[in-house]
Amino acid sequence: ENYAKGNVLRVHCYKHNGKIHRTWDKTTVLDETDDYLVCGNNKVKITESTKRTHRTKETAIVFFYKRRWFHVTAQFKANGLFYKVDIASPFLYDEGVIKYIDYDLDVKIFPDGSFRVLDKNEYKYHRKLMKYPDKLDAILQSELTDLINMIRANVGPFNRKLVKKINVKGLEFIHDKSEGAYMYLDRVNISTNKDPEAIMELDYKTSTGTNRKLFKVKQGDNLKDLSG
């Protein structure tokens, strides 16, 4: 499969009835293991089934599992590292597109490690409407139980040190081609007593031209002011 680091893929999310539910216009491959594909994105365009579009608000790292029935999104917000987990089929790769089926249930994990299972009523409604087989329901409920155990044990993507160490150097999603400016996210520093801090390489102006330098970037900083 074409999972080379730096490759830019699209994401298509379907429902059990085969209809498209939501698409992401791009996500950048960061890494691959035997268990999952790691991708990253920032302010990407999302198109809903209603054709309404919007953009994500923060940098996110997504773990698309190859055999588990969920995928994990780590969201770097101003007030900490949050997670959103979608109960979904293992992903398939098809000509530059990551594809999976969404099964309604979500789990939201907060910076303090607490979590909440969401959309149980939506799951019950769609299970009846779309006739989820009993065998599928058993798989999804079992995967949800395993997922909760992973969250409580802080393993896999829920190991915050793992997320912080993921190499995101050279990500295309923060290369602003519209203005010809170069940026890449080198790493994100997460602390329990202060806001996340990004270490980014930016073009900056000098008397003789343009060079590149690492800057510490916090919520609210103006990148143009930093880079001159």
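What you see is a predicted model; the values in this text were computed from it and never measured. Positions are given from 1 along the sequence.
- For the atom pair CD of E143 and CD1 of I87, the computed distance is 7.5 Å after rounding to the nearest 0.5 Å.
- For the residue pair D112 / S114, a side-chain donor-acceptor distance below 3.5 Å is found, with atom types taken as modelled.
- Distance check: I139 CD1 to W69 CH2 gives 5.5 Å after rounding to the nearest 0.5 Å.
- In this structure, M130 is a member of the same hydrophobic cluster as L140, with clusters built from ILVMFWY side-chain heavy atoms closer than 4.5 Å.
- For the pair R10 and D94, the salt-bridge criterion is not met [side-chain N within less than 4.0 Å of a carboxylate O].
- Although no hydrogens or angles enter the test, the distance criterion places no donor-acceptor pair under 3.5 Å between the side chain of K26 and the main chain of N41.
- When all heavy atoms of K51 and T47 are compared, the closest pair comes out as CA-CG2, 4.1 Å.
- Rounding to the nearest 0.5 Å places CD1 of I109 at 9.5 Å from CD of Q75.
- Among all heavy-atom pairs drawn from D31 and L37, the shortest one is O-CD1, 3.6 Å.
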Carefully, step by step, assess L136 and H16 under the rule side-chain contact (heavy atoms from CB on, under 4.5 Å).
CA-CA 11 Å; L136 173 62; H16 186 75; 3.7 Å; yes
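- Between the side chains of H21 and D102, no donor-acceptor pair is found at a separation under 3.5 Å.
- Taking 4.5 Å as the limit, some side-chain heavy atom of P157 sits within range of a side-chain heavy atom of M150.
- With hydrophobic clusters built from ILVMFWY side chains whose heavy atoms lie under 4.5 angstrom apart, V62 does not share a cluster with L92.
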Where do K124 and D104 land on the salt bridge (charged side-chain N to carboxylate O under 4.0 Å, His left out) test, with the steps shown first?
CA-CA 9 Å; K124 291 178 181 178; D104 316 307; over 6 Å; no
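- Taken together through direct or relayed side-chain contacts under 4.5 Å among Ile, Leu, Val, Met, Phe, Trp and Tyr, L147 and F82 form parts of separate hydrophobic clusters.
- The CD1 atom of I61 lies 10.0 Å from the OG1 atom of T27; values are rounded to the nearest 0.5 Å.
- Without hydrogens or angle criteria, S89 side chain to I101 main chain gives a donor-acceptor distance under 3.5 Å.
- Between the side chains of Y123 and D137, at least one donor N or O lies within less than 3.5 Å of an accepting N or O.
- The distance between the ring centers of F70 and Y65 falls below 6.0 angstrom.
- Smallest separation of non-hydrogen atoms from K43 and K57: CE-O, 4.2 Å.
- A continuous path of Ile, Leu, Val, Met, Phe, Trp and Tyr side chains, each step under 4.5 Å between heavy atoms, connects V107 with V155, placing both in one hydrophobic cluster.
- Note on ring orientation: taking the six-membered ring where Trp is involved, the planes of F63 and Y36 are perpendicular (angle over 60°, cut-offs 30° and 60°).
- Between I98 and C39, the closest side-chain pair of non-hydrogen atoms falls below 4.5 Å.
- Here F115 and Y83 keep their ring centres 6.0 angstrom or further from each other.
- Between atom CG of residue N17 and atom NZ of residue K131 there is a gap of 11.0 Å, rounded to the nearest 0.5 Å.
- The aromatic rings of Y100 and H71 sit perpendicular to each other, their planes meeting at more than 60°, with 30° as the lower class boundary.
- Of all heavy-atom pairs spanning I20 and S49, the tightest one is O-CB, 3.5 Å.
- With ring centers used as reference points, Y132 lies 6.0 Å or more from H126.
- For the atom pair CZ (F91) and CZ (R67), the distance works out to 9.5 Å, reported to the nearest 0.5 Å.
- Residues D106 and K84 have side chains in contact (heavy-atom distance under 4.5 Å, counting atoms from C-beta outward).
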side-chain contact (heavy atoms from CB on, under 4.5 Å) between I46 and T56, worked out
CA-CA 7 Å; I46 297 176; T56 58; 3.5 Å; yes
Going through the distances and angles, do D134 and R127 end up as a side-chain contact (heavy atoms from CB on, under 4.5 Å)?
CA-CA 9 Å; D134 290 342; R127 183 190 176 194; 3.0 Å; yes
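- When hydrophobic clusters are built by joining Ile, Leu, Val, Met, Phe, Trp and Tyr residues whose side-chain heavy atoms come closer than 4.5 Å, directly or via intermediates, I148 is not grouped with L118.
- Taking a 6.0 Å sphere around OH of Y125, one finds it holds 12 or fewer heavy atoms contributed by other residues, nucleotides or ligands.
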side-chain contact (heavy atoms from CB on, under 4.5 Å) between T145 and Q141, worked out
CA-CA 6 Å; T145 298; Q141 297 300 332; 5.7 Å; no
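- Closest of all the heavy-atom pairs between L105 and K120 is CD2-CA, 3.7 Å.
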